[in-house]
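FYI, the numbering just counts along the sequence from 1. Counting starts at 1 for both ligands and their atoms, following the listed order.
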Amino acid sequence: MTSLTFLGTGGGRFATIYQVRATGGIYINDGGRLHLDPGPSALAGMRSLDLDPALTDCVMVSHCHPDHYGDAEMLIEGMTRGGHRHSGTLVAPRSVLEGGGRFSQAISTYHQSLPREVIEVAPGDRFQAAGMTVEATPAVHSDPDGVGFRFDTRAGMISYVGDSEIDERLFRVHRGARVLIINLTCTTRTKIPMHMYTETAAALISDIGPEAAVLTHFGIGVFEDGVEEQARYIEKESGVRTIAAEDLMTIEVGREIVSRPAGPPPRR
Ligand SMILES: [Zn+2]
């Protein structure tokens, strides 16, 4: 059984500033525990679900925007027990680790010195993280170093497209995913460049044909037009079961894919 816990389902500037929903990223438990894109409120979300940051094996950041890295340094401190244990893995692209273009380094040199391993990733790279084989996938976003990820888990392939506008490469690299996670920052009406919106999300989901698509990282425009409405539209267009994630929801991926509303994960 592999589980995906949504420590936040908001994203984009204003949904994050006003915490319309939490923005703490996705916590993947595949035996190893990986915290993906821990934006502001990741720590608060872990606290409310009784998840211990000291048990995290990997902190992973897809790109250099604060709704994706806001709590990353504190989580690295958690993973390394306050910096006293040289352990765990940090995965991020160059912009996050070194800066570049309009971005300065998002994780300090000190915090990069704490984990046992730091892996700088670019699209196409394959590496091990929290016991999984992971591939960094391309993204077209306002951080040109931004990536998505596909995770080879015990329950099969789980893909995270990351922040990206639609691009022909996405149709290829995410093929075979059982679960396809889409950051739906805007709707077709409120679309902004460099982001996925309802229509393009439906096209990608329809073509990949996963067992389930999961929408998260909702921006203000999605709340205006209705989160559930976007999910129902995509499900109708694609014929793929489409789940609009909610804060602190867990999706269990076993033989079946089951979503559970907010609540502590079962003890294993
Ligand atoms: Zn972004």
Response to the item:
side chain to side chain donor-acceptor pair (under 3.5 Å) with His217: of Thr9, Asp67, Asn183, only one passes, and it is Asp67
Discussion item. Which label fits His35 and Tyr27: parallel for a plane angle under 30°, tilted from 30 to 60°, or perpendicular past 60°?
Written reply: perpendicular
Worksheet item: How are the rings of His141 and His195 set relative to one another: parallel (under 30°), tilted (30 to 60°) or perpendicular (over 60°)?
Response: perpendicular
Worksheet item: Once the angle between the rings of Phe149 and Phe151 is folded into 0 to 90°, is it parallel (under 30°), tilted (30 to 60°) or perpendicular (over 60°)?
Response: tilted
Worksheet, complete the sentence: A correct count of protein N/O/S atoms found below 2.8 Å of the Zn ion (ligand 1) gives 4
Worksheet item: Do Met60 and Ile28 pass the side chain to side chain contact (heavy atoms under 4.5 Å, CB included) test, and can you show the C-alpha distance, the side-chain angles, and the key distance before you say yes or no?
Response: CA-CA 11 Å; Met60 181 178 265; Ile28 303 176; over 6 Å; no
Practice prompt. Evaluate the side-chain proximity of Glu211 to Arg241: yes if any heavy-atom separation is below 4.5 Å, no if none is.
Written response: no
